[in-house]
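Every value quoted in this text rests on a predicted model; they were computed, and no experiment measured them.
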Amino acid sequence: MVQGNAHVRSDRVLTVPNLLSILRLAGVPLFLWLLLGPREDVWAVVVLALAAISDWLDGKLARWLDQTSRLGTLLDPAADRLYILATAFAFVVRDILPWWFVALVFLRDLAVTLCLPLLKRAGYDAPDVIYLGKAGTFCLLYALPILLLAQIGPGVAMIAGPIGYGFAGWGLLMHVWSGALYVFQCVQAARHPVRR
């Protein structure tokens, strides 16, 4: 059952972790332009790698600097989702991933997003991120640059392709499964509203 958020979160906006999340979000259009415009795959991999590093770093800094904030809990997963969806979309355009892969990622995120108003109405905060969801996001965020590396040439593709598709498959499975768990939690919580 959703119990609300376990960590105390401030209303601060100007924090180092929030700045990193905003910079990560700003990198999405640059990444898409590199991937779909001039097809500068190596530079696109660099942007993706920096996004992945900043994703790890903003969470660590939030804890180390005691700068966990409500805005950060929204920005961080939003940046992750935007990178995953933007990359998956671009990969469909370039025939790197099948369309149904992107559809499953999008539908999972849409279902979880639609559950949030139900939780609010029942008196709960958004559910804390579960390990399975983090693991799925990790796999997807690392699958995408590896799959992009596989586009550089046949020698690299022999090594990077199977690794990238392996990460993508496991990431998609965990992403969809964690989404189903979030939806189940939200439905259960909506049936048992907080009494005030």
Side-chain angles (χ1 to χ4, degrees), residues 17 20-63 75-113 128-183:
L20 281 175
S21 292
I22 290 168
L23 287 173
R24 195 159 78 249
L25 281 166
V28 172
L30 172 63
F31 169 75
L32 283 173
W33 176 77
L34 288 168
L35 197 59
L36 297 175
R39 293 192 177 207
E40 292 286 345
D41 293 348
V42 174
W43 284 109
V45 168
V46 170
V47 172
L48 263 185
L50 290 173
I53 291 166
S54 73
D55 179 40
W56 171 81
L57 189 59
D58 70 9
K60 289 288 184 198
L61 288 175
R63 290 184 286 281
L75 281 177
D76 184 51
D80 291 346
R81 297 296 168 259
L82 190 57
Y83 263 102
I84 290 169
L85 287 170
T87 307
F89 170 77
F91 281 13
V92 168
V93 171
R94 292 210 24 204
D95 290 325
I96 299 170
L97 284 173
W99 67 267
W100 54 263
F101 186 96
V102 180
L104 285 173
V105 171
F106 176 76
L107 289 173
R108 179 267 189 203
D109 289 344
L110 180 64
V112 171
T113 301
D128 286 329
V129 176
I130 60 175
Y131 180 77
L132 185 65
K134 286 183 179 182
T137 298
F138 170 86
C139 285
L140 289 172
L141 285 175
Y142 283 86
L144 299 173
I146 294 170
L147 287 172
L148 192 52
L149 277 174
Q151 305 307 305
I152 292 173
V156 178
M158 281 178 35
I159 296 167
I163 294 169
Y165 285 114
F167 268 114
W170 280 108
L172 182 64
L173 182 66
M174 289 186 281
H175 193 66
V176 170
W177 184 250
S178 67
L181 291 176
Y182 284 130
V183 170

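How far CG of L147 is from CZ of F91: 5.5 Å, rounded to the nearest 0.5 Å. Considering OG of S54 and CG of L25, their distance stands at 9.0 Å, rounded to 0.5 Å. Once rounded to the nearest 0.5 Å, the distance linking OG1 of T113 with CZ of R81 reads 9.0 Å. Here CG of L141 is found 12.0 Å from CD1 of I53. Values are rounded to the nearest 0.5 Å.
Closest approach of F167 and C139 over heavy atoms only: O-CB, 3.5 Å. Shown here for M174 and G136, the closest heavy-atom pair between the two residues is CB-CA, 3.7 Å. The heavy-atom pair separating A157 from A150 by the smallest distance is CB-O, 3.2 Å. Of all the heavy atoms in V156 and L149, the pair that sits closest is CG1-O, 3.2 Å. What you find for V92 and W99 is that their closest heavy atoms are CG2-CA, 3.9 Å. Taking each heavy atom of A79 and S21 in turn, the nearest pair found is CB-O, 4.3 Å.
Looking at heavy atoms from C-beta onward, I146 lies out of side-chain contact with Y165 at the 4.5 angstrom threshold. The shortest distance between side-chain heavy atoms of D109 and I84 does not fall below 4.5 Å. At a threshold of 4.5 Å between non-hydrogen side-chain atoms, the residues V183 and R108 do not count as touching. Residues F106 and L85 are in side-chain contact: their nearest non-hydrogen atoms beyond the backbone lie under 4.5 Å apart. Considering only heavy atoms from C-beta on, L172 stays 4.5 Å or farther from W177 through its side chain.
Under 4.0 Å is where a charged nitrogen must lie from a carboxylate oxygen, and between D55 and K60 no such pair does.
A side chain to side chain contact (heavy atoms under 4.5 Å, CB included) with L34 is found for one member of L148, D41, V46, V47 and no other, namely V47.
Of the N and O atoms on the side chains of D80 and T137, not one donor lies less than 3.5 Å from an acceptor on the other residue.
A side-chain donor-acceptor contact under 3.5 Å links Y83 to the backbone of R24. A donor-acceptor distance shorter than 3.5 angstrom exists from the side chain of Y182 to the backbone of I130, with no hydrogens or angles considered. Of the possible donor and acceptor atoms, one in the side chain of S178 sits under 3.5 Å from a partner among the backbone N and O of H175. Of the possible donor and acceptor atoms, one in the side chain of R94 sits under 3.5 Å from a partner among the backbone N and O of L35.
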For the pair L140 and T87, evaluate side chain to side chain contact (heavy atoms under 4.5 Å, CB included) and give the outcome as yes or no after the intermediate values. CA-CA 10 Å; L140 289 172; T87 307; over 6 Å; no
